[in-house]
Amino acid sequence: MSHRGRVERVLTRVFRNDWSALTPPEIGRWTPDLSVSVVMPARGGQRRLDLALASLAAQTYPEDLLEVVVVDDHSSPALRLPPLRPARCRVLNAPEGGWGAGYARAYGAHASTGDILVWMDADMVAGPEFVEAQARWHHTHAEAVTLGRVRFADAGPRTPEELMSRVRAGTLHRSLDTGRRHEWVECLLTQSDRLRDADHLGFHAYVGAAAGVRRNLYEAAGGVDPDLDLGQDTEFGYRLWQAGAVMVPEPAATAWHVGRAGTARTRLPSERFRTQVLAELMPHPHAYRERVPAHRRRIPLVHAVVDVSGAPYDLVRGCVDRLLDSAETDLAITLVADWEGVREGGGAPGGPHLDLRLVQANYLREPRISFATAAPRTGFPSPFLLQVPVAWGLGQVALSRLLASAERARAGLTELFSATSPARDAGVRLWRTRALARAMRVCGEEEDLGDVVAELHGRYRIHAGQETLTDLSLYRSVPPQPRTAPDTVAAPCPHGDAGSREGAPASGAGRGGRRPVGALVRSAWRGTLRRLRRERAHGPAAGRDPAQEG
């Protein structure tokens, strides 16, 4: 097994989500060796829980490798274990202060011990092969996420003993199958060749009522969000998708929701919930994200990274300001440099970190910018990681075109090169997070990561003109991209604060009368920056004519 929270290396390379490259063992003709924990959140419904545990006691998976953890979500009266249950079964009471299905799933996963986690609702009856059919995929591939087949039955066995007798007679399926199913999941599976041709929205097929995942992949994806009682399955499925999961529908792993309330309990969250809550955490689908104001987008669509180590201040401004002014505003930027060295240098004038101090002073109040001493390996949980060399300036619509090209080609790596400098590593790279995460688990020491991503998810290359991609190093002084201030206050943009930056003066600010506070603050900042530039001109970092600086 691998270290906790890290998915072990895999041998079989799966192209996108084409799980047909995997060959699991046949049910009933193999010997498993990984332990399984079935995690079952429950709140009330003792009779249904008795039936669920009886169905798990009849599983074909080895008894010594199977445990069942029931998390009692503050039931009154408290739930108890029935006589007919799996050999290794226990009930855990959810701690005070936490409640809901999301919290129960997260708590149960944390308290369980299995190598494989299988989710099941407490009002379900599982077929005898429910666990084995899923576990065989997890023995085959560490990135597999199995999706059991969920069905609905108005009525089921009245007692656990009746259920066991139907299992022994082989009639459980016939007595429960009424044809009712998740229509939206079946539609998605049909349109995507059972997810083998799934696009970036393939994670919508994930239903937590009957699914399985290796524990290491579960932890690498961050686990179920305990704060989400509704929609936690969709949000966790999104993060599993970004972590590189190969989602596999498994029709042999059938479980039935028993009772008329089953369909209502497992419905999709309402459109209002998806647009006002889930869309803050999930940049996909775009139709929901566009309704969320920019300041409420907790996970950006694109995580851009710029290494500014050793770069002059004006060059950094030329690159970063163009990113901030991009037409695509669903963006966060990480500036990578020795920021610890800047802090240790204190306020001493001049010095080798003067340019970095200028950069920090200029962008410290920009909410979309963060500072890091090391570049992130992937964009997780954002769907895309954008790597921009500090010497390149992107045009205003360049990122939007990159994203459109990546989605149209379903590329794992989309590269933008200057038509005049077509060198292999000289351009801008847009990595698809799920492709990059998966490539890192299969890439050999002698292989190029970009080539592996291309093999797993495809590559798309674009040669850009001067307006799309500018070589900023050709200029002696690189001023920020000019902005045009509107004459009147614009109406709120439905896509967020496109083309704006926090602290920019509002239309008409400062016309006559007293200067606003914002203008005074900006004037003070400009004065500070001018003083720092003069210090640099007389210190060891000097090397350019101050008259040439923007």
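From a predicted model like this one, the values you see are computed outputs, not experimental measurements.
With contacts defined as side-chain heavy-atom distances shorter than 4.5 Å, the pair C187/Q191 qualifies. The shortest distance between side-chain heavy atoms of E280 and E235 does not fall below 4.5 Å. Using a 4.5 Å heavy-atom cutoff, the side chains of D330 and H286 are not in contact. Side-chain contact between V39 and V118 is absent, with no heavy atoms from C-beta onward closer than 4.5 Å. Within the 4.5 Å cutoff, the side chain of S192 has heavy atoms near those of the L195 side chain.
Among residue pairs with one or both ends in residues 78-88, none qualify as side chain to side chain donor-acceptor pair (under 3.5 Å); sequence neighbours excluded. Pairs engaging residues 18-28 under the side chain to side chain donor-acceptor pair (under 3.5 Å) rule: D18-S20 [sequence neighbours left out].
Scanning all heavy atoms of the two residues, the minimum distance from V36 to A135 falls at CG2-CB, 4.3 Å. Between S112 and L117, the shortest heavy-atom distance links the atoms OG-CD2, 3.4 Å. The shortest heavy-atom contact between A104 and V71 is O-CG2, 3.5 Å. Looking at every heavy atom in both residues, V167 comes nearest to L172 through CG2-CD2, 3.8 Å. Looking at every heavy atom in both residues, P82 comes nearest to L53 through CD-CD1, 3.4 Å. Considering all non-hydrogen atoms of both residues, A78 and D72 come closest at CA-OD2, 3.7 Å.
Note: W119 and Y218 meet the aromatic proximity criterion, with ring centroids under 6.0 Å apart. Aromatic pair H139/W30: ring centres closer than 6.0 Å.
Not counting sequence neighbours, the partners of E162 by the side chain to side chain contact (heavy atoms under 4.5 Å, CB included) test are P157, R158, T159, R166. Applying the ring-ring contact (aromatic ring centres under 6.0 Å, His included) rule to H173 yields the partners W256; only residues at least two apart in sequence or on another chain are considered. With sequence neighbours excluded, no residue forms a salt bridge (Lys or Arg N to Asp or Glu O under 4.0 Å) with R434. Listed by chain and number, the residues in a salt bridge (Lys or Arg N to Asp or Glu O under 4.0 Å) with R410 are D197 (sequence neighbours excluded).
Within 6.0 Å of CD on E447 lie more than 12 heavy atoms contributed by other residues, nucleotides or ligands. Crowding of R298 atom CZ: a count of heavy atoms from other residues, nucleotides or ligands under 6.0 Å not exceeding 12.
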TODO: Output, in order, the C-alpha distance, side-chain angles, deciding distance and verdict of side-chain contact (heavy atoms from CB on, under 4.5 Å) for L22 and W137.
DONE: CA-CA 8 Å; L22 305 175; W137 290 97; 3.9 Å; yes

TODO: Decide yes or no on side-chain hydrogen bond (donor to acceptor under 3.5 Å, both in side chains) for H141 and T12, but give the supporting numbers first.
DONE: CA-CA 8 Å; H141 198 68; T12 305; 5.0 Å; no

TODO: Mind running side-chain contact (heavy atoms from CB on, under 4.5 Å) on L84 and M164 for me, showing each step along the way?
DONE: CA-CA 9 Å; L84 193 52; M164 292 298 288; 3.2 Å; yes

- [ ] Give the intermediate values and the outcome of side-chain contact (heavy atoms from CB on, under 4.5 Å) for residues V14 and L456.
- [x] CA-CA 6 Å; V14 176; L456 296 178; 6.0 Å; no

Task: Intermediate values then yes/no, side-chain contact (heavy atoms from CB on, under 4.5 Å), D154 and R180 - done: CA-CA 9 Å; D154 292 336; R180 294 171 58 205; 2.4 Å; yes

TODO: Check step by step if salt bridge (charged side-chain N to carboxylate O under 4.0 Å, His left out) holds for E250 and R149.
DONE: CA-CA 7 Å; E250 178 46 86; R149 185 171 63 171; over 6 Å; no

TODO: Let me see the working for T334 and S370 under side-chain hydrogen bond (donor to acceptor under 3.5 Å, both in side chains), right down to the final yes or no.
DONE: CA-CA 5 Å; T334 295; S370 60; 3.1 Å; yes

Task: Trace of the ring-ring contact (aromatic ring centres under 6.0 Å, His included) decision for F152 with H182 - done: CA-CA 9 Å; F152 299 94; H182 276 301; 5.1 Å; yes

Task: Intermediate values then yes/no, side-chain hydrogen bond (donor to acceptor under 3.5 Å, both in side chains), H204 and T234 - done: CA-CA 6 Å; H204 276 157; T234 303; over 6 Å; no

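Side-chain N/O atoms of T60 and E132 include a donor and acceptor closer than 3.5 Å. A donor and an acceptor atom, one from each side chain of E67 and S37, are located under 3.5 Å apart.
At least one donor-acceptor pair closer than 3.5 Å links the side chain of T146 to the backbone N or O of G212.
In summary, of the residues considered (R105, R43, R48), a salt bridge (charged side-chain N to carboxylate O under 4.0 Å, His left out) with D121 occurs for R105 alone. Among L301, V292, V302, the one residue that satisfies the side-chain contact (heavy atoms from CB on, under 4.5 Å) test with P283 is L301. Screening V70, V68, V69 for a side-chain contact (heavy atoms from CB on, under 4.5 Å) with V38, the sole residue that qualifies is V68.
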